> 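Here it is, the structure in full.
All values derive from a computational prediction rather than experimental measurement. Excluded from the calculations below are hydrogen atoms, water molecules and symmetry mates; all remaining heavy atoms, backbone and side chain alike, are included.
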Amino acid sequence: MALTPSTMLPLGTSAPEFALPDTDGQTVRLSDFKDAPALVVAFICNHCPYVKHIRESLRDVAKELQSKGVAVVGISSNDVTSHPDDAPEKMRVEKDSVGYTFPYLYDETQEVAKAYKAACTPDFYVFDRSHSLVYRGQFDDSRPGNDIPMTGKDLKAAVEAVLSGQPVPADQKPSIGCNIKWKPGNEPEYFNT
């Protein structure tokens, strides 16, 4: 496992398009969320200890945000040849067992991860109503083994700012986690081994 930080995509970037299958085989598109006051895109996977560490808290925070009309989507971009625990059929099991209420999408070509410059799992992005990037980075300061409670405070603060029409805090910390498991030869230029 390579400890990898977010790339910190430039604020103001327009949300890159996607059309990806969810765990039920339905295609979910960026345009499906055009009426949401905010959109959270989370690059996650099943096997990563950093995602496992926050998954119940992520589930709870996502439910809270969805109750306010916020759209939330999870995307797994890992190579399932090298990491079969992240395969779509196992994503379905993970979604059901954790209780995720958001679509969990599979990015088989890894092109969506590259478009977002996603680097790690978990990696979070918040877009405003016009799908302009206002936050990228960590869920909160909690990490496996550091005994800091999981609250999702960084992610929630960004979304709450969007919902209330306030500026999103400029102090944004990169997420830290496992690197996205790129297919051999498909590693993006920003990937550092």
Side-chain angles (χ1 to χ4, degrees), residues 1-13 15 23 33 36-78 85-86 91 93-105 113 116-129 131-180:
M1 163 178 74
L3 196 58
T4 303
S6 301
T7 61
M8 304 301 277
L9 190 65
L11 295 174
T13 298
T23 52
F33 309 112
L39 168 65
V40 175
V41 177
F43 284 85
I44 57 176
C45 68
N46 297 345
H47 88 274
C48 172
Y50 288 83
V51 177
K52 286 182 174 184
H53 177 69
I54 66 162
R55 64 185 173 188
E56 284 82 13
S57 186
L58 172 58
R59 172 200 63 211
D60 296 345
V61 167
K63 282 182 184 175
E64 177 187 337
L65 297 176
Q66 288 174 308
S67 74
K68 298 174 182 183
V70 174
V72 179
V73 62
I75 300 175
S76 178
S77 301
N78 280 353
D85 284 348
D86 294 332
M91 290 170 58
V93 171
E94 177 75 356
K95 180 181 182 200
D96 292 345
S97 68
V98 177
Y100 290 147
T101 53
F102 52 83
Y104 190 11
L105 313 180
Y116 282 75
K117 289 196 171 7
C120 60
T121 55
D123 211 350
F124 294 96
Y125 301 79
V126 177
F127 298 90
D128 64 14
R129 182 179 292 280
H131 287 173
S132 179
L133 183 66
V134 295
Y135 177 83
R136 71 284 192 253
Q138 68 177 11
F139 186 65
D140 58 27
D141 292 315
S142 186
R143 304 284 185 270
N146 74 0
D147 296 325
I148 295 174
M150 287 167 282
T151 61
K153 70 176 180 63
D154 295 62
L155 181 66
K156 286 183 0 183
V159 174
E160 292 296 340
V162 170
L163 296 179
S164 64
Q166 300 300 313
V168 174
D171 181 24
Q172 300 182 9
K173 298 176 187 171
S175 188
I176 299 285
C178 303
N179 64 290
I180 288 178

> What distance separates T23 OG1 from D96 CG, expressed to the nearest 0.5 Å?
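Going from the OG1 atom of T23 to the CG atom of D96 covers 6.5 Å.
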> Measure the OG-CG distance between S142 and D154 for me, rounded to the nearest 0.5 Å.
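That separation rounds to 11.0 Å.
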> Does a side-chain heavy-atom distance below 4.5 Å link L11 with R136?
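Counting from C-beta outward, L11 and R136 do come under 4.5 Å.
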> Supply the atom-to-atom distance R129 CZ to L163 CG, rounded to the nearest 0.5 angstrom.
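Separation between the atoms: 9.0 Å.
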> Is it true that the side chains of N46 and E94 contain a donor and an acceptor less than 3.5 Å apart?
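Per modelled atom types, N46 and E94 side chains form no pair under 3.5 Å.
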> Test L39 against V70 for side chain to side chain contact (heavy atoms under 4.5 Å, CB included), laying out the working first.
CA-CA 6 Å; L39 168 65; V70 174; over 6 Å; no
> Quick one: list whatever passes ring pair (Phe, Tyr, Trp, His ring centres under 6.0 Å) with F102, sequence neighbours left out.
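F102 satisfies ring pair (Phe, Tyr, Trp, His ring centres under 6.0 Å) with Y100 once adjacent residues are dropped.
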> Find out whether I148 and D140 are in side-chain contact, i.e. whether some heavy atom of one side chain is under 4.5 Å from a heavy atom of the other.
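SC-SC contact between I148 and D140 ruled out.
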> Just wondering, do F139 and S57 contact through their side chains at under 4.5 Å, heavy atoms?
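Answer yes - side chains close enough.
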> Which heavy atom of T151 sits nearest to which heavy atom of V61, and what is that distance?
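Scanning both residues, the minimum pair turns out to be O-CG2, 3.8 Å.
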> What residues form a salt bridge (charged side-chain N to carboxylate O under 4.0 Å, His left out) with D141, not counting sequence neighbours?
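For D141, the residues satisfying salt bridge (charged side-chain N to carboxylate O under 4.0 Å, His left out) (neighbours in sequence not counted) are K153, K173.
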> Could you check whether any side-chain N or O of R59 sits under 3.5 Å from a backbone N or O of V98, counting only pairs where one atom can act as donor and the other as acceptor?
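Side chain of R59 to backbone of V98: a pair is present.
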> Kindly give the heavy-atom pair with the smallest separation between P37 and G69, and that separation in Å.
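Here P37 and G69 meet closest at CD-O, 3.1 Å.
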> Applying side-chain contact (heavy atoms from CB on, under 4.5 Å), name anything that partners A161, two or more places apart in sequence or on another chain.
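Partners of A161 by the side-chain contact (heavy atoms from CB on, under 4.5 Å) criterion, ordered by chain and then number, come out as Q166, V168, P169.
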> Go through the structure and list residues passing ring pair (Phe, Tyr, Trp, His ring centres under 6.0 Å) with F43, not counting sequence neighbours.
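Listed in chain order: Y116, Y125.
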> Of all heavy-atom pairs between S76 and C45, which one has the smallest distance, and what is that distance?
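In terms of heavy atoms, the two residues are closest at OG-CB, 3.9 Å.
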> Any donor-acceptor pair under 3.5 Å linking the side chain of N146 with the backbone of R143?
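Checked: pair present.
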> Only counting residues at least two apart or in another chain, list the ones meeting ring pair (Phe, Tyr, Trp, His ring centres under 6.0 Å) with Y135.
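Scan of Y135 (ring pair (Phe, Tyr, Trp, His ring centres under 6.0 Å), adjacent residues dropped) gives none.
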> Find out whether V73 and V40 are in side-chain contact, i.e. whether some heavy atom of one side chain is under 4.5 Å from a heavy atom of the other.
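A side-chain contact under 4.5 Å is absent here.
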> Could you walk me through whether F127 and V134 pass the side chain to side chain contact (heavy atoms under 4.5 Å, CB included) check?
CA-CA 6 Å; F127 298 90; V134 295; over 6 Å; no
> Answer yes or no: is there a side-chain heavy-atom contact under 4.5 Å between P122 and I54?
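Yes, side chains in contact.
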> Give, for atom NZ of K68 and atom NZ of K156, the distance between the pair rounded to the nearest 0.5 Å.
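Interatomic distance, K68 NZ to K156 NZ, rounded to 0.5 Å: 7.5 Å.
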> Minimum heavy-atom separation for T121 to Y50, with atom names?
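Scanning both residues, the minimum pair turns out to be O-CB, 3.8 Å.
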> Could you tell me if the side chain of V126 sits less than 4.5 Å from the side chain of L133, heavy atoms only?
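SC-SC contact between L133 and V126 ruled out.
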> Taking N78 as the fixed residue, which of N179, D85, D86 is the one that meets the side-chain hydrogen bond (donor to acceptor under 3.5 Å, both in side chains) rule?
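Among the candidates, only D86 passes.
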> Using 0.5 Å steps for rounding, measure from the CG atom of L155 to the CD atom of Q172.
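Here the rounded value is 10.5 Å.
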> Using modelled atom types and a 3.5 Å cut-off, is there a donor and acceptor pairing between side-chain atoms of Q138 and backbone atoms of F124?
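Not at all, since once roles are kept as given, no pair shorter than 3.5 Å links the two residues.
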> Listed by chain and number, what are the ring pair (Phe, Tyr, Trp, His ring centres under 6.0 Å) partners of H53, not counting sequence neighbours?
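By the ring pair (Phe, Tyr, Trp, His ring centres under 6.0 Å) rule, H53 matches no residue at all.
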> Heavy-atom distance under 4.5 Å between the side chains of C178 and P49, does that happen here?
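Result yes, sub-4.5 Å side-chain heavy-atom pair found.
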> For the residue pair D123 and S175, what are the closest heavy atoms and their distance?
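In this case the closest contact between D123 and S175 is OD1-CB, 4.1 Å.
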> For E160, does its backbone N or O pair with a side-chain atom of S164 as donor and acceptor, under 3.5 Å?
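A pair under 3.5 Å: yes.
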